[in-house]
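Below: the structure, in structure tokens.
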Amino acid sequence: MFSITFGGWFQCRLATDPDPTDEPRGVSGYTFAVGDEPDLDRVLRLNDPVALRSHAPEVGVLVRSVSHDGAVLIDHPLIGARVDLLDGARFEMRNYILAAQPGTQAINPFNLQIGGNGILLRRADILDLDHPDWPITSISDDKLLRRGGNFILDYARFVQVTKLPDYASYRLRRKALLEADLVTATDPLVRAALQKRLSEFAIDEQTPDDRRRRGLGFVEERAFAINGPGLLDDPHGKFGFKPDFSRPWPISFWNGVWDCDALCGYMQGDLLLPLHSHSGVRSQNSEAGLQ
Amino acid sequence: MAFFPMMTMVIRPLGEVISELPASADHSDLYAGPTFEFDRNVGLLPHRGPALTIIGELLTQIAAETADLSAAAARLLLPQAERIAFIQANLARIAANFKATLHP
């Protein structure tokens with residue numbers, strides 16, 4: 001078994017309840033597009049953020065370590081490779097239409113790609129193997145739940161990621177940076193954007209239990225087996241192993257530490273790749289369709 | 001909970017879409033302004049079971065009518081077509097979710 005551990009900050013520019021899911025600028029929720037930022041689009045960007053806000057965390061979900069049958073491979077070329085979700089992956093809750101509880105919604109589509117140093121590994125998960133082309137609104141609840149999450153509040157993961165002692169410190173530090181920016185900003189659009197962002201900080205200063213602050217402790221945990229078509233593009237045989245596409249690939253990951261000002265969160269997890277019995281054989285390109 | 005998203009995912013987006021459309025063919029320079037008035041009496045059924053059944057049927061009916069509207073919007077290449085399609089897909093799922101609660 002080949003194991004890939006990945007992690008990093010991602011961006012997700014989404015509207016929040018009670019705004020409709022497709023609200024483009026944000027009105028009634030606690031997230032907004034400000035200034036000349038493009039409309040909110042809900043896309044999960046694990047790399048290549050769009051209109052990343054000032055003082056946001058550095059976005060980049062990358063491979064952090066790999067191992068083979070428990071032995072860590074410290075020099076493997078996949079270390080540092082990008083981890084991406086292709087084709088506009090989004091959290092698909094739609095204000096309780098597709099999930100009964102916050103945090104239990106599926107990420108859809110789930111087309112995972114890991115690429116770097118001449119290796120490209122890709123595999124898609126299919127919500128309903130009998131109806132792979134059905135829209136998500138036609139998928140049964142139990143199949144959505146398979147790819148859904150388990151929601152918890154976890155202060156420990158916030159501390160692990162931010163190295164800060166509490167949510168207030170995180171928010172107040174950002175607020176101070178934005179206030180300093182506002183002092184020197186002269187462009188009216190920039191000033192308007194900063195003022196809007198700062199107005200949001202005033203809310204959780206008044207009400208410390210507000211979701212703007214509490215969201216830093218939001219964690220969604222997911223675990224399922226990726227079951228669809230995939231490919232390994234490895235023309236120079238750097239990967240060193242032959243993934244078995246005929247078996248599902250278990251993935252478990254969490255996303256949380258939701259920074260509603262930066263519209264970013266943190267993601268961390270593990271992907272397990274079953275290997276063909278002749279593991280260690282130099283891999284070349286391989287491809288497999290649906291199981 | 002099956003009915004909960006109606007306001008956020010149907011009524012409000014529908015109101016926003018309507019307000020972007022011309023008031024009439026003769027007044028294309030004016031935008032429509034939905035009032036969301038009831039122009040007839042709403043007869044409340046005293047019996048829960050039949051009432052819920054009728055609500056489920058009405059949800060299914062309006063989801064089907066919205067599908068026709070969505071198709072028309074797409075044919076006319078309205079800028080609101082994508083949003084109407086999104087409303088329709090969500091409304092159809094709301095109807096299905098509601099009916100599922102009636103027959104678990």
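Just so we're on the same page: letters track the sequence lines, and every chain starts at 1.
Separation of atoms CG (L98(A)) and CZ (R93(B)) is listed at 5.5 Å; rounding is to 0.5 Å. From L91(B), atom CG reaches atom CD1 of I97(A) across 8.5 Å, with rounding to the nearest 0.5 Å. If you take OG1 on T137(A) and CD on Q88(B), they are separated by 8.0 Å, rounding to the nearest 0.5 Å. To the nearest 0.5 Å, atom CG of residue N95(A) and atom CG of residue N90(B) are 9.0 Å apart. Between the CD atom in E23(A) and the CE atom in M9(B) there is a gap of 11.5 Å [rounded to 0.5 Å].
Side-chain atoms of R94(A) and F86(B), non-hydrogen and from C-beta on, do get closer than 4.5 Å to each other. Between R12(B) and S28(A) the shortest side-chain heavy-atom distance falls below 4.5 Å.
Smallest separation of non-hydrogen atoms from T8(B) and P18(A): CG2-O, 3.3 Å.
With a 4.5 angstrom heavy-atom cutoff, E16(B) touches chain A only via side-chain atoms. Heavy atoms closer than 4.5 Å to chain A are found nowhere in A92(B), neither backbone nor side chain.
At most 12 heavy atoms of other shown residues, nucleotides or ligands fall within 6.0 angstrom of atom CD in E82(B).
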